[in-house]
Amino acid sequence: MSTREGGATVPEQSESAAPGPRDAGAGYGPDAGAACELSVVVHGRNVQGHLGACLDALAAQASPGVEVIVAAVGPAAQSAAAGRPGVTVVPLPEGTGDGAARAAGAERAAGRWLHFVQSKDTVPTGAPRAVADRVAELPDGVDVLVVDHVRSTWRHQGMPGPDGKHLAKQGRRDLPPAHCPNPLKVTPLLGNRVLRAEFWRAHAGRLGVDDETFAAYAALLLAGRLAALDQVALNVRELRPESLPKGAPEERYGVIDRYESLLGLAADRGLPTPPRAALYDVMVGHCLRVVAREQLPDAVRREFFRRASKAAVAWRPEGHQRPGGLEGVRRRLLEEDAYTKYRTFQTANQQRRKLRSAVVSRKHKVGLKVRDLRYRRALDRPVDPDLAVFTAYWDRGVACNPAAIAAKLAELAPHIHQVWVVSAANVPLLPPGTDHVVPGTPRYWEVMARAKYLVNNVNFPNAVVKRPDAVHLQTHHGTPLKRMGLDQLDYPAASKGLNFHSLLARIDKWDYSVSANGHSTQMWERAYPSHYTSLDYGYPRNDVFYGAGAADVRAIRERLGIAPGKRAILYAPTHRDYEAAWTPRLDLATLADRLGEDTVLLVRGHYFYGGTASPLAGLRRSGRVIDVSSYDPVEELSLAADALITDYSSIMFDYANLDRPIVVYADDWETYAKTRGVYFDLMEQAPGQVARTQEELTELFTSGAWRDDTAAKARQAFRRRFCEYDDGRAAERVVRRVFLGESEDSLPPVTPVDERTPAPTPEEAAKR
């Protein structure tokens with residue numbers, strides 16, 4: 001039996017599905033005495049045997065304040081869940097629907113918030129703790145937290161979804177649905193909505209339905225306020241379609257019924273045009289995909305089109321404009337219920353696409369053949385012993401360790417001709433007179449084939465052939481705190497579908513690997529196992545920290561607009577694999593105000609976010625917060641700064657060479673460590689003071705603790721470990737060994753850390 005709620009079918013709870021007393025379960029979670037912030041409710045059958053993996057993942061990251069409830073449907077699920085410590089099992093009879101299973105699990109849950117996870121899915125490392133921390137800080141008016149997800153199939157693991165950009169736009173604000181249509185564009189999964197338990201109980205009739213898509217949208221429409229967490233908190237396992245039961249074709253009519261119910265709910269809620277328009281566009285797009293892509297009998301397809309046409313006309317928001325182009329034509333034909341015209345248009349468009357695709361494919365194949373022919377011919381010619389190819393950061397330009405090596409090479413071996421590989425977009429940014437090639441051009445393949453030396457701080461493309469008499473020099477671009485290379489195998493949210501077999505093939509082309517310290521040498525050998533020789537010479541890009549003088553420091557600060565006598569603090573956070581775009585984790589305006597008029601914040605976003613709009617635009621005009629995200633080289637920013645604030649960025653290892661104060665702002669350390677994986681505990685081996693909140697960070701600077709004896713002792717230990725080979729002569733050692741063929745014994749020895757003199761501080765430079 002069922003009832004109708006909001007136009008959707010809602011199953012009634014059967015007596016057999018009703019939960020028993022709480023003490024009937026297997027346990028409450030890792031800490032029964034702690035206040036339960038989050039209940040992870042795993043529900044359903046043991047689909048294709050995946051429930052065990054889901055529970056194993058949750059057990060491996062047990063945490064106070066987080067409990068696990070398993071609404072286990074059928075004997076197989078109950079057997080998989082039985083006997084697991086810290087798990088409450090709610091046994092449900094075979095045939096219990098998803099809605100009833102969720103309701104039974106929620107009834108048993110003690111958490112203030114509920115995270116529903118289907119039994120076939122799982123949660124990435126660090127997700128429960130990150131979600132619990134986020135909901136703990138949300139005000140009472142927030143009912144739903146929308147999170148990101150990845151997808152895994154029978155072939156690929158941890159593929160990112162399309163939702164990150166929508167969550168990034170929301171940022172860390174909480175807003176009513178009327179003001180945030182973007183969450184309505186997020187993939188409709190109940191597992192990427194975390195619900196306040198009180199909200200669930202108030203709306204269980206609508207949210208506890210078997211139709212997960214309906215429940216996912218209804219949760220957003222019914223919420224008082226919405227918040228977002230642009231972190232991956234769900235790994236959705238997509239089962240092979242061939243392994244799933246096929247329903248009757250007529251069941252597709254339910255798609256239209258669902259959206260009409262949702263649009264009716266939005267109207268009843270009095271939501272304004274933007275969220276209703278977003279939902280309407282989702283409906284129309286989904287209906288058109290069903291007509292165009294799904295294998296349906298023609299009679300069913302025609303009837304589906306008719307019903308969709310009626311819904312598209314009835315629910316079109318006032319003033320809503322169709323998109324342009326072919327999509328606009330499709331929507332117009334749908335609204336006109338012109339099925340025959342639509343099918344004719346669809347057939348013609350398919351033929352047009354096939355023809356265009358064939359033409360493009362032929363051109364591409366011809367281009368590849370021509371390229372391969374030219375490349376093979378070039379490979380048949382002798383290697384040019386006086387030709388060196390340089391590139392950095394996926395062809396961004398003259399930067400990092402390759403740039404420092406190139407500069408020293410021009411000094412010590414000017415007969416070697418240098419060519420830089422640079423993307424077409426970055427060519428205008430090259431220093432005047434730089435010989436360069438754009439990837440994919442005929443000359444690019446010519447120089448790649450004939451160069452004796454190939455220098456990169458990442459990897460060259462797979463198509464580049466490693467010639468026996470060519471030398472590949474891998475410089476890297478940072479000391480590793482986070483897991484790299486093969487060590488990412490256990491962190492799918494970070495590796496994001498990386499092909500490890502191809503990675504190993506690229507590593508096998510390396511002849512030399514540059515290292516800044518013994519820690520890096522050991523980690524590179526583990527993460528990138530191959531036959532290369534490790535050059536324990538230091539990072540060439542850090543030579544400037546020992547070669548720059550007072551005039552250099554003053555000139556850089558003048559270029560940046562830092563007035564004499566001002567204290568400049570560089571804030572340089574790193575990329576997070578669970579964030580689609582950069583949202584500063586500090587309230588920069590407030591921090592600048594608290595630190596006083598004499599302090600300037602230099603803020604540098606990670607280069608991965610170079611294509612996104614800067615969130616600092618509104619702060620630039622004050623002069624107290626300067627966005628230096630596009631300023632290169634970053635080494636100059638370090639020279640200009642009196643201190644560094646960072647989180648987990650490798651800039652801390654480079655900046656430590658200057659022997660200036662470093663403060664670590666680690667508000668999400670546990671989440672970062674569990675999601676990305678780390679090589680050592682930064683909280684125990686930090687280069688200075690550590691702050692976990694903005695208030696703690698502010699107090700460190702206002703009290704002077706940022707540069708006290710404790711901070712200095714921590715920095716000294718950090719420098720000895722991680723600045724081991726950086727003494728100002730790294731580039732010289734690399735050039736003499738790799739390009740000039742000098743023996744190891746003839747190279748300049750590394751100066752011990754305690755005997756080095758770094759560049760003067762800004763305060764010292766002002767006095768000279």
Side-chain angles (χ1 to χ4, degrees), residues 478-482 516-520 539 542 545-546 553 566-574 584-586 588 591-592 594-596 598-604 606 628 634-635 637-670 672-673 678-724 726 753-754 756-765:
T479 291
L481 167 62
K482 63 187 179 184
N517 46 65
H519 162 79
S520 294
Y539 272 162
N542 292 339
F545 294 146
Y546 297 95
V553 173
K566 295 281 189 180
R567 178 177 63 182
I569 299 175
L570 175 60
Y571 171 47
T574 192
R585 309 186 73 84
L586 291 170
L588 297 169
L591 179 62
R594 293 286 302 276
L595 296 185
D598 292 335
T599 298
V600 175
L601 293 179
L602 306 175
V603 184
R604 185 177 180 84
H606 194 276
V628 292
V634 69
E635 290 78 28
L637 299 177
S638 296
L639 286 167
D642 296 272
L644 171 70
I645 300 173
T646 189
D647 40 29
Y648 325 119
S649 170
S650 66
I651 194 175
M652 74 177 81
F653 302 99
D654 304 321
Y655 191 84
N657 281 284
L658 291 168
D659 198 17
R660 302 178 192 174
I662 302 172
V663 176
V664 173
Y665 179 59
D667 66 317
D668 63 340
W669 166 250
E670 289 78 12
Y672 183 87
V678 294
Y679 287 119
F680 65 91
D681 189 347
L682 183 63
M683 301 301 96
E684 297 296 326
Q685 302 173 59
Q689 298 283 13
V690 176
R692 302 302 301 267
T693 67
Q694 178 156 336
E695 189 58 37
E696 289 180 5
L697 178 68
T698 305
E699 176 64 22
L700 287 176
F701 280 94
T702 55
S703 68
W706 61 289
R707 56 180 178 183
D708 63 9
D709 289 343
T710 300
K713 289 178 181 178
R715 185 170 70 252
Q716 184 181 43
F718 192 86
R719 291 184 73 232
R720 285 176 175 164
R721 180 180 180 189
F722 295 111
C723 301
E724 188 176 0
D726 288 337
V753 173
D754 294 338
R756 301 173 196 165
T757 302
T761 67
E763 184 177 359
E764 293 169 342

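Not measured: the values here are computed from a predicted model.
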By salt bridge (Lys or Arg N to Asp or Glu O under 4.0 Å) - contacts of D754 (at least two apart): R720
Residue pair D654 / S638, side-chain donor-acceptor N/O under 3.5 Å: no
Parallel, tilted or perpendicular, as decided by the 30° and 60° cut-offs, for the rings of F722 and H519: perpendicular
R594 with E699: basic N within carboxylate O range, under 4.0 Å: no
L700 backbone acceptor or donor facing Q689 side chain under 3.5 Å: no
F653 and F718 aromatic ring geometry - parallel, tilted or perpendicular at 30°/60° bounds: parallel
Under 3.5 Å: donor-acceptor pair, side chain of R692, backbone of A666: yes
pair S649-P573: side-chain heavy atoms closer than 4.5 Å: no
W669 side chain reached by V664 side chain, heavy atoms, under 4.5 Å: no
Test applied, side chain to side chain contact (heavy atoms under 4.5 Å, CB included); reference residue, L570; option that passes from I651, L639, V603, T646: I651
With D708 via salt bridge (Lys or Arg N to Asp or Glu O under 4.0 Å) - residues at least two apart: none
All side chain to side chain donor-acceptor pair (under 3.5 Å) counterparts of R756, not counting sequence neighbours: none
